[in-house]
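Quick notes on the structure that follows.
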Amino acid sequence: MSKIQKIKGFSDLFSPESTIHTLMENLARQVFATYGCQEVRVPILEKTELFARSIGEETDVVQKEMYTFADRKGRSLTMRPEATAGVLRAFIESGQYSGDGSTKLFACGPMFRYERPQKGRLRQFHQLDVEVLGTDAPQADAEVVLMLWTFLSKLGLKNLALELNSLGCPECRPVFHQRLRDFLATIDQTQLCEDCTRRAGTNPLRVLDCKVPACKALVENAPSITEALCSGCAEHFSQVREILDSAKLPYRLNDRLVRGLDYYQRTTFEVVSGEIGAQAAVAGGGRYDGLIKQLGGPDLPGIGFACGMERLALLYGEAHIPAPDFYLAVLDSRALNTALLLAQRLRERGFAGEVSFEARSIKSQMRQANKLHVKTCLVLGQDEMEKGQIMVKDMATGVQKNIGQDDLEQALGFRKP
RNA sequence: GUGGGUGUAGCUCAGUAGGCAGAGCACCUGGUUGUGGCCCAGGAUGUCGCGCGUUCAAGCCGCGUCACUCACCCCA
């Protein structure tokens with residue numbers, strides 16, 4: 001029989017990768033909770049219309065990257081390509097937004113986009129997502145950025161760069177777009193690369209961050225969104241920056257930072273790494289005032305971000321994975337049952353470790369203990385069994401002693417409350 | 001959707017001009033009567049991705065196919 005393979009762009013995560021994902025997810029939960037985020041678990045499958053309306057009908061994500069299919073009654077459903085839309089739909093549908101203040105939500109899980117896989121990009125990938133709803137205060141923008149940066153710092157990630165921009169609002173963005181189109185009309189468009197010739201019509205902002213040197217040179221003097229912001233947006237952005245400056249958070253203003261989803265406006269940001277290949281963004285987000293209303297909810301502002309877990313994992317070392325507390329080596333087959341019960345007792349006390357299921361040479365089992373990087377190797381052989389004892393060896397120092405089996409917890413550092 | 005690269009042991013990869021399938025790591029056993037890491041000796045391990053073709057002979061050449069991978073596009 002032929003083997004069945006996993007489908008392209010999907011992955012099976014074994015440890016250490018699975019462990020790393022769990023650790024990162026737990027840390028995110030913990031850090032974001034200190035900012036008041038409540039976890040929400042929302043479906044992976046939504047009505048296609050939800051994404052069409054939020055992400056934007058004309059975006060690449062909606063046009064050609066969604067897993068969309070008809071269910072058994074012919075309704076068009078889509079595997080979520082990002083988290084925000086589903087979280088907002090749930091928020092609106094729950095009707096919990098009555099009063100004052102903001103709602104802070106955390107969500108995570110798999111997302112799906114039909115793209116060609118490459119380094120840091122899969123068809124099923126995982127995101128950590130935060131949404132802060134109900135306030136457009138610049139303090140909220142700053143807090144969200146600080147929340148993200150704090151999480152990444154606690155993960156121990158270095159050499160990350162935070163890029164910040166403001167995309168303006170429905171009032172000033174069209175003005176900038178017109179200026180940009182006017183500018184593009186003045187340059188020799190035949191010199192642009194093939195992609196940019198297309199972009200100039202479809203998504204002029206994208207021309208600004210083209211990597212082709214010829215394009216870069218041509219748009220060097222293009223107008224900046226920053227100069228086109230209306231007074232409200234300019235003031236809002238300047239307050240956000242002021243707080244981040246005071247918090248001594250290092251960021252780089254990038255007036256060509258473009259977001260791929262239509263709903264973003266005002267503050268947008270991205271965290272990039274130079275160490276994980278071409279797919280350099282490990283997190284990205286921004287403000288989306290107006291989106292909640294557009295999805296049939298109240299007219300509330302919102303801001304959020306998502307982190308790509310696979311990309312974070314590329315940067316996160318395996319050194320963080322905790323080692324087991326013990327390995328229990330068994331030298332005599334008559335000791336196997338006793339050994340298992342001793343290990344069970346330790347596990348009930350919260351210690352983690354493994355016990356051998358068969359008696360083998362002490363040498364091979366010591367090797368096993370060493371390989372598992374355990375703190376302590378326990379040995380149960382004929383001698384110990386006869387005296388009701390067990391040998392305890394500290395693998396770091398090599399110091400070993402025989403103790404009574406009843407004293408095992410103390411020997412491993414267990415303190416009774 | 002487009003372009004490049006790679007498929008050989010569990011992993012990373014050599015494999016010359018077409019002539020018996022290789023190394024390192026990892027694993028197992030022993031060197032030490034019950035002691036890990038370092039060292040030494042020995043050992044097991046293959047649909048050379050798959051199919052067809054050329055040839056006395058194919059891991060190597062040709063055609064096809066599948067998979068993986070990197071990049072473009074796009075994006076977290």
Side-chain angles (χ1 to χ4, degrees), chain A residues 2-11 55 58-66 80-84 108 110-130 148 152 193-196 198-199 202-203 206 209-212 257-261 264 268-273 276-286 304-314 327 329-332 335 359-385 391-400 402:
Chain A
S2 61
K3 273 188 287 189
I4 297 177
Q5 297 177 295
K6 61 181 173 288
I7 57 185
K8 186 195 278 284
F10 288 63
S11 64
I55 296 170
E58 301 306 316
T59 58
D60 277 28
V61 171
V62 171
Q63 288 279 313
K64 43 189 194 194
E65 293 174 4
M66 295 204 303
R80 62 182 182 191
E82 55 102 46
T84 303
C108 63
M111 309 292 158
F112 304 84
R113 288 184 202 174
Y114 192 93
E115 302 178 89
R116 280 289 280 273
Q118 69 183 80
K119 188 172 185 181
R121 187 171 77 183
L122 290 167
R123 290 182 173 181
Q124 175 177 335
F125 57 103
H126 298 78
Q127 289 190 334
L128 302 166
D129 180 78
V130 166
L148 171 58
L152 296 172
C193 73
E194 207 175 301
D195 287 322
C196 282
R198 172 177 51 80
R199 290 183 185 119
T202 57
N203 193 352
R206 283 280 173 204
D209 67 352
C210 182
K211 295 169 191 80
V212 177
L257 174 63
V258 179
R259 312 259 63 227
L261 314 183
Y264 285 113
T268 53
F269 51 93
E270 200 167 280
V271 178
V272 297
S273 164
I276 55 172
Q279 304 299 314
V282 300
F305 64 79
C307 301
M309 291 186 73
E310 282 78 4
R311 296 180 189 178
L312 291 177
L314 290 173
Y327 178 80
V330 184
L331 308 183
D332 188 312
R360 288 193 303 141
S361 76
I362 188 166
K363 180 184 186 121
S364 65
Q365 296 195 65
M366 280 283 187
R367 279 184 179 156
Q368 176 72 7
N370 189 62
K371 201 172 58 186
L372 293 172
H373 300 113
V374 298
K375 301 178 188 81
T376 308
C377 183
L378 306 170
V379 178
L380 199 58
Q382 195 179 348
D383 297 352
E384 289 79 9
M385 284 297 282
M391 197 190 86
V392 177
K393 175 166 184 163
D394 184 308
M395 293 300 278
T397 64
V399 175
Q400 64 184 60
N402 278 45

When rounded to the nearest Å, what value does the distance between [atom1] atoms of [N] and [M] take?
N      : M      : atom1 : answer
G53(B) : C72(B) : P     : 41 Å
U8(B)  : A14(B) : P     : 10 Å
A21(B) : G30(B) : C1'   : 28 Å
A44(B) : G19(B) : P     : 26 Å

RNA chain B: 5'-proximal contact among L380(A) and A396(A) (nearest heavy atom): L380(A)
d(CG, L372(A); P, U35(B)) in whole Å: 20 Å
Atom pair distance, as rounded to whole Å: CG in N402(A) and P in G34(B):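 Rounded to whole Å, this separation is 15 Å.
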With sugar-phosphate meaning primed atoms plus P, OP1 and OP2, does [X] contact a base, only sugar-phosphate, or nothing at under 4.0 Å between heavy atoms?
X       : value
E82(A)  : nothing
V379(A) : base
M391(A) : base
Q63(A)  : nothing
F125(A) : base
D383(A) : base
A283(A) : sugar-phosphate
T59(A)  : nothing

K363(A) (side chain) and U35(B) (base): donor-acceptor pair under 3.5 Å: no
Donor-acceptor pair (no angle test) under 3.5 Å: Q400(A) side chain, U35(B) base: yes
Distance below 4.0 Å between K371(A) side-chain N/O and C27(B) OP1 or OP2: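 Answer yes for this pair, as a side-chain N or O of K371(A) is under 4.0 Å from OP1 or OP2.
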N or O in side chain of R360(A) less than 4.0 angstrom from U29(B) OP1/OP2: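 So the side-chain polar atoms of R360(A) do come within 4.0 Å of the phosphate oxygens OP1 or OP2 of U29(B), strictly under.
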B/S/- contact track for nucleotides 65-71 of chain B, protein heavy atom under 4.0 Å: --SS-SB
Straight-line distance of M391(A) CE to C377(A) SG, nearest 0.5 Å: 6.5 Å
